[in-house]
Number of protein chains: 2
Amino acid sequence: METPKNPTSVNHRIREGLSRVAMVMRADDWNRAKTSGLNPAQLAILELLEGRKDGLAVKEVATNLGVSQPTATDSIAALERKGLVAKRSAGTDKRGVNVGITSEGLSMLEAGRSSQSLAERTVDALAEHEQEDLLITLVKMIRHLQETDAIPIQRMCASCRYFAPFAHSDAAQPHHCNFVDAAFGQRDIRIDCREHETADPASRAATWDVFQQG
Amino acid sequence: METPKNPTSVNHRIREGLSRVAMVMRADDWNRAKTSGLNPAQLAILELLEGRKDGLAVKEVATNLGVSQPTATDSIAALERKGLVAKRSAGTDKRGVNVGITSEGLSMLEAGRSSQSLAERTVDALAEHEQEDLLITLVKMIRHLQETDAIPIQRMCASCRYFAPFAHSDAAQPHHCNFVDAAFGQRDIRIDCREHETADPASRAATWDVFQQG
DNA sequence: TTGCGTAACATAGGACTCCTATATATATAT
DNA sequence: ATATATATATAGGAGTCCTATGTTACGCAA
């Protein structure tokens, strides 16, 4: 039994697996980014900003990407040089800036979307029910990270005030979104919805309770 | 319906989720690595080499980490300066080298294992059955990547000649490992087993068929 | 056995990531 | 008002990561 890190732990093996998949996704990101003269960090910022028409503060970019603030400043500067993002000063607070994607940035993203990525094909190879389970599991992991303040609130149904889980008896479309006022299913649960509005902690907890029972 | 990338696609949302989790793991890796004066790339190499007492070629390090060969050379050189890995020339072929972890490298890894990482706690927060499902899903994804030659063969049960899936009727321990000659369960499936020996493609396919039915 | 194509690794050059520490200019609380 | 806290920028440094190219060394054929 000469074992490096308790290999009988499911936890450890899951993290090995996640690392592997993450590695592939990172390599994938390089390929996607490279074609447009970018790198993964810059591409990530562009994609982050795509869904936020009001822009983000430098600090928000940093926390969303899990890097330090100076690093975010660095990458934003690189994108600025290329004309893909632009800074404008944020409303009242004269210290803050608002980083927004430019139309050039949007076109660049659009252009890179052509071919199917390796990650995309890999997920496609899973059975439908596996995809659904994986999505829900990821939601649970991300929610846990949010609620323990490890990462900022993500724009998921789980933390959204418009989300009404299991509001319908229809097994295919049990949930309801009060923003678009429509029923939807497990596989339609959002990870990053631009219509998201953060609910207060108490109602988040209540909603999550209901969701978990399903 | 002004949507960036077909948000109705489960595939896309899963990749959003995986990216999020990957990001957290990367940030986590920085913390783990930092305490020992390393960075994630160097830590990854050290961990890769830990399970390979015979060492790896530079090229193998590169493919296993999904980076270019010069990048692998770079990082290996950084580790060499710190005395954590050592190169010796590979047997016959005088072009090749064998990169192996030193005892200093092993101690460094051991020292960094103390505290529970964020990723670890996140996986722990999942229910047991969810952990098991996630592990199996990851195995499927990685296998798909292997079989399509996107990544080199990983040391998983799925590609191992010693793996006999569903050899027993016991629902808790249906599989059998012919290396240790013991039964084991779904949650014990290995992602990176140091006893792995690659089976030939035909028997891999047959084994996988059986495994998938379970 | 000379020679060509190929394979393994190293080097060179360059753009950037990413960190910590610190400076600068507000904002806010006391 | 004054101290403290916040948002961003700068400085400095190690190292990642790429492409392109250089060195050897292998292996097979003419």
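Here is how names work: the chains are called A, B, and so on, in the same order as the sequence lines, proteins then strands, and each is numbered from 1.
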(message) From CD of B:Glu60 over to C1' of C:dA8, roughly how many Å is that when rounded to an integer?
(response) 11 Å
(message) Can you work out whether B:Ala57 or A:Gly37 has the more 5'-proximal nearest nucleotide on DNA chain C?
(response) B:Ala57
(request) Send over the distance from B:Asp74 CG to C:dC16 P, rounded to a whole Å. (result) 18 Å
(message) In whole Å, I'd like the distance from the CG atom of A:Leu65 to the C1' atom of C:dC16.
(response) 15 Å
(request) Applying side chain to side chain contact (heavy atoms under 4.5 Å, CB included), name anything that partners A:Asp74, two or more places apart in sequence or on another chain. (result) none
(message) Closer than 4.0 angstrom, basic N to acidic O: yes or no for A:Glu120 and A:Arg32?
(response) no
(request) Just jot down the side-chain hydrogen bond (donor to acceptor under 3.5 Å, both in side chains) partners of A:Thr73, sequence neighbours excluded, or say none. (result) A:Gln69
Kindly give the atom pairs (protein nitrogen or oxygen, nucleotide nitrogen or oxygen) under 3.5 Å for nucleotides 20-22 of chain C.
{"residue": "C:dT20", "atom": "OP1", "partner": "B:Lys34", "partner atom": "NZ", "Å": "3.4"}

(request) Tell me, yes or no, whether the heavy-atom count around A:Glu128 atom CD, taken from other residues, nucleotides or ligands under 6.0 Å, exceeds 12. (result) no
(message) With salt bridge (Lys or Arg N to Asp or Glu O under 4.0 Å) as the rule and sequence neighbours excluded, what pairs involving residues 87-108 of chain A come up?
(response) A:Glu80-A:Lys87, A:Asp93-A:Arg95
(request) Walking along DNA chain D from 5' to 3', note the first and the last nucleotide with an atom under 4.0 Å from a heavy atom of chain B, and give both. (result) D:dG15 to D:dC26
(message) With a 4.0 Å cut-off on N to O distance, would you call A:Arg15 and B:Glu47 a salt bridge?
(response) no
(message) Output the rounded distance in Å from CG (B:Asp29) to C1' (C:dC19).
(response) 15 Å
(message) Test of understanding: with side chain to side chain contact (heavy atoms under 4.5 Å, CB included), list the residues that count as partners of B:Ala90, not counting sequence neighbours.
(response) B:Asn98
(request) Return the residues of residues 92-101 of chain B meeting this criterion: a heavy atom under 4.0 Å from some atom of DNA chain C. Order them by number, or give none. (result) B:Arg95, B:Gly96, B:Val97
(request) Using the test side chain to side chain contact (heavy atoms under 4.5 Å, CB included), find all partners of B:Asp200 that sit at least two apart in sequence or belong to another chain. (result) B:Ala202, B:Ser203
(request) Compare side-chain N and O positions of A:Asn39 against OP1 and OP2 of C:dA15 and report whether any pair is under 4.0 Å apart. (result) no
(message) Whether A:Arg81 contacts C:dA15 is assessed here as follows: a side-chain N or O lying under 4.0 Å from the phosphate OP1 or OP2. Is that the case?
(response) no
(message) Can you work out whether A:Arg26 or A:Thr73 has the more 5'-proximal nearest nucleotide on DNA chain D?
(response) A:Thr73
(request) Check side-chain hydrogen bond (donor to acceptor under 3.5 Å, both in side chains) between A:Arg155 and all other residues, then give those that pass, not counting sequence neighbours. (result) A:Asp192
(message) Are more than 12 heavy atoms, taken from residues, nucleotides or ligands other than B:Lys82, located less than 6.0 Å from that residue's NZ atom?
(response) yes
(message) Both atom distances under 3.5 Å, Watson-Crick or G-U wobble: I'd like the secondary structure of DNA chain C as a dot-bracket string, with | for pairs made across strands.
(response) ||||||||||||||||||||||||||||||
(request) Could you check how far CD of A:Glu80 sits from C1' of C:dC16, rounded to whole Å? (result) 16 Å
(request) Only pairs at least two apart or in different chains count here, so list each salt bridge (Lys or Arg N to Asp or Glu O under 4.0 Å) that has a residue in residues 132-146 of chain B. (result) A:Glu130-B:Lys140, B:Glu132-B:Arg187
(request) Check the side chains of B:Asn64 and A:Arg20 for a donor-acceptor pair under 3.5 angstrom, ignoring hydrogens and angles. (result) yes
(message) Rounded to whole Å, please give me the gap between CD1 in A:Ile76 and C1' in C:dC16.
(response) 14 Å
(request) Salt-bridge test for B:Glu195 and B:Arg190: reply yes if a basic N is under 4.0 Å from a carboxylate O, no otherwise. (result) no
(message) Holding to side chain to side chain contact (heavy atoms under 4.5 Å, CB included), I want the full list of residues that pass it with A:Ala150, two or more places apart in sequence or in another chain.
(response) A:Leu145, A:Thr148, B:Leu118
